[in-house]
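Here is the naming used below: chain letters follow the sequence lines, and residue numbers restart at 1 for every chain. Computed from a prediction, not measured in an experiment: that's the story for all the values here.
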Protein chains: 2
Amino acid sequence: MKEGPNIAQIAALIGDPARANMLTALMSGKALTVSELAGEAGVTLQTASSHLAKLSAGGLLRQRKQGRHKYVSLANDDVAHVLEGLMGLAAGAGQVRTRTGPKDPALRAARVCYNHLAGDRGTQMFDSLVARGHLIIDDGHLHLTPSGSAYVRDLGVDLDGLTRGTAPLCRECLDWSERRSHLAGSLGRALLARFEDLSWVRRHKDCRLVTFTPTGTRAFDKAFPVASTRRSMGAPAHQ
Amino acid sequence: MKEGPNIAQIAALIGDPARANMLTALMSGKALTVSELAGEAGVTLQTASSHLAKLSAGGLLRQRKQGRHKYVSLANDDVAHVLEGLMGLAAGAGQVRTRTGPKDPALRAARVCYNHLAGDRGTQMFDSLVARGHLIIDDGHLHLTPSGSAYVRDLGVDLDGLTRGTAPLCRECLDWSERRSHLAGSLGRALLARFEDLSWVRRHKDCRLVTFTPTGTRAFDKAFPVASTRRSMGAPAHQ
DNA sequence: TTCATAGTTCGATCTTAGTCGAACCATGGA
DNA sequence: TCCATGGTTCGACTAAGATCGAACTATGAA
């Protein structure tokens with residue numbers, strides 16, 4: 001008994017409502033200041049400061065000082081991945097937030113997950129890349145094939161700049177709304193950034209929502225066509 | 001702000017030390033009684049009962065009554081998946097349990113994750129199946145190819161009985177010690193069960209440890225040979 | 001230098017929830 | 001029928017920690 005890492009501390013860290021709100025806000029991928037996070041969580045500045053210190057000590061956050069501002073963001077993709085998993089459990093258990101708001105359907109369609117595209121659009125892109133052999137799973141990791149490299153280069157992604165980094169290029173991330181994989185990792189981030197540059201999408205200012213422009217919708221569907229096997233058959237039976 | 005499912009409740013549920021100990025114990029995949037879990041958590045029976053009621057209400061557990069015993073197990077693979085993710089974060093943050101015990105290296109080698117094989121041996125099996133085309137990722141899901149179906153049938157797994165179930169056949173699960181994928185889902189469970197039948201492995205009575213017999217080691221390495229690209233090159237650089 | 005803003009530290013308060021003793025219910029065996 | 005065992009419910013106690021006011025530090029602007 002009692003083997004393995006200690007879950008309780010880290011889960012308790014996420015388990016406080018104020019801290020959970022902050023982490024959820026940071027899932028937008030943007031670095032936020034202490035004051036902004038205090039607003040998100042609905043607590044005063046001192047309380048927020050104390051919470052953020054604890055989250056940082058727990059390794060969940062990364063902080064950068066810039067002038068008299070302090071910018072806080074999630075530590076890495078792993079943290080985002082666990083948070084998405086928790087959202088999946090919460091959604092499954094019917095623990096949807098009481099004030100679920102009108103934005104919920106839009107969020108399920110497209111949103112940012114830390115820094116990459118998630119939701120229906122995110123899984124569409126992932127599936128499309130896999131179906132056409134641009135992305136394969138091998139050796140336990142996700143890999144970009146040569147055809148995939150060429151493809152994302154054509155889309156205008158600076159792949160060489162990415163591969164120099166130490167962070168993994170491709171990662172899977174499980175979607176809480178779709179319960180399927182979408183693409184994370186530095187490539188996932190770069191693609192979303194590219195979509196913004198191309199004005200295919202617009203990230204909402206203060207939430208995780210991502211809206212597609214009319215031209216963006218067409219271009220995206222052309223770049224990442226859906227396999228005929230699914231989506232035409234309605235939602236896949238699952239669970 | 002405040003969009004998406006409510007993480008805090010579910011995380012707080014996991015965040016109590018006593019409950020976290022119970023959940024960790026249940027990662028062994030076995031159904032345990034209330035008394036046994038009370039022992040695991042180091043609390044009295046009435047405290048354990050209260051905790052288990054909360055965990056069940058949160059959808060994390062499944063309970064079965066049998067005579068005057070009540071058997072408790074994890075609700076599903078999703079819960080196990082999130083718990084593994086949390087263990088990964090905790091391990092990464094150096095939150096390893098203080099009394100980490102001598103069993104830790106053995107646990108990293110082979111252990112059960114809810115009901116399937118995890119640890120180094122688990123990722124070996126996963127990688128081997130993928131490398132030989134028995135397992136592919138497609139449409140966002142893991143799929144068993146025809147050659148894979150034949151292969152596991154040869155190993156003695158009753159595949160037809162499995163495919164009738166509603167639970168997904170193949171799933172990925174992220175390993176906290178290896179930080180790589182291993183095989184979950186009903187096939188993962190069936191394979192581990194088969195290894196036990198064949199006396200390749202023995203599950204430890206009261207922890208997650210899985211030990212390979214000498215003949216089991218040989219047979220397993222023959223059935224799931226390691227790709228020459230890794231494992232010969234030492235630990236992969238990651239993160 | 002002076003002021004304003006961003007953030008931290010400290011201390012006091014107060015609520016939440018984990019804990020267990022005791023009594024109670026249910027099942028199974030003798 | 002009686003007893004032992006497994007589990008639940010209730011209530012009281014207690015400890016942990018979230019919260020905020022107040023005082024303090026640091027950066028930047030005027």
Side-chain angles (χ1 to χ4, degrees), chain A residues 1-2 6-26 30-73 95 98 206, chain B residues 1-2 6-26 30-73 95 98 206:
Chain A
M1 54 170 165
K2 301 216 175 180
N6 188 355
I7 301 183
Q9 290 168 1
I10 202 96
L13 232 41
I14 307 174
D16 176 75
R19 286 194 292 259
N21 281 337
M22 294 180 181
L23 291 170
T24 303
L26 289 171
K30 280 191 290 211
L32 300 175
T33 66
V34 181
S35 319
E36 287 169 335
L37 288 167
E40 289 290 337
V43 294
T44 61
L45 190 60
Q46 333 56 301
T47 305
S49 177
S50 144
H51 282 314
L52 291 173
K54 289 174 190 173
L55 288 171
S56 295
L60 298 180
L61 298 183
R62 208 161 40 103
Q63 312 195 343
R64 260 164 310 185
K65 279 200 79 167
Q66 219 168 89
R68 56 180 163 181
H69 289 274
K70 185 165 151 186
Y71 288 99
V72 179
S73 55
Q95 304 281 16
T98 43
D206 46 28
Chain B
M1 53 171 167
K2 303 218 173 178
N6 188 355
I7 301 183
Q9 289 168 0
I10 203 97
L13 233 40
I14 308 174
D16 175 76
R19 286 194 292 258
N21 281 337
M22 294 179 181
L23 291 170
T24 304
L26 289 171
K30 279 191 290 211
L32 300 175
T33 65
V34 180
S35 319
E36 287 168 335
L37 288 168
E40 289 290 335
V43 294
T44 62
L45 188 60
Q46 56 275 32
T47 304
S49 177
S50 142
H51 283 313
L52 292 172
K54 289 173 190 175
L55 288 171
S56 295
L60 298 180
L61 299 182
R62 209 162 39 102
Q63 313 195 343
R64 261 165 310 185
K65 279 200 77 165
Q66 219 167 89
R68 56 181 163 182
H69 290 273
K70 185 164 152 185
Y71 288 98
V72 179
S73 54
Q95 304 279 15
T98 44
D206 46 28

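Contact annotation: the side chain of A:Ile14 never approaches that of B:Ile14 to less than 4.5 Å [non-hydrogen atoms, C-beta and beyond]. Side-chain contact between A:Leu23 and B:Ile7 is absent, with no heavy-atom pair separated by less than 4.5 Å. For the pair B:Thr24 and A:Asn6, the minimum side-chain heavy-atom distance is 4.5 Å or more.
The backbone N or O of A:Leu52 sits less than 3.5 Å from a side-chain atom of A:Ser56, completing a donor-acceptor pair. Between the side chain of A:Arg19 and the backbone N or O of A:Leu13, at least one donor-acceptor pair lies under 3.5 Å.
With rounding to whole Å, A:Leu32 atom CG is found 15 Å from C:dA6 atom P. Summarising the geometry, the separation between CD1 on B:Ile14 and C1' on C:dA17 is reported as 17 Å, rounded to the nearest angstrom. Spacing between atom NZ of A:Lys54 and atom C1' of D:dT19 amounts to 10 Å, rounded to whole angstrom units. Atom P of nucleotide C:dA6 and atom CG of A:Leu37 are separated by 14 Å, given to the nearest angstrom. The CZ-C1' distance, from A:Arg64 to C:dA6, rounds to 17 Å in whole Å. Between the NE2 atom of A:His51 and the C1' atom of C:dT9 there is a distance of 15 Å, given to the nearest Å. A:Asn21 has its CG atom 14 Å from the C1' atom of D:dA18, to the nearest Å.
Distances shown here put every side-chain N or O of A:Thr44 at or beyond 4.0 Å from the OP1 or OP2 atom of D:dT19.
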Review point. Can you give one letter per nucleotide of nucleotides 6-13 of chain D, going 5' to 3': B for a protein heavy atom under 4.0 Å from the base, S for sugar-phosphate only, - for none?
Key: SBBB----
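The minimum heavy-atom distance between A:Ala8 and B:Pro17, with the atom names listed, is CB-CA, 3.7 Å.
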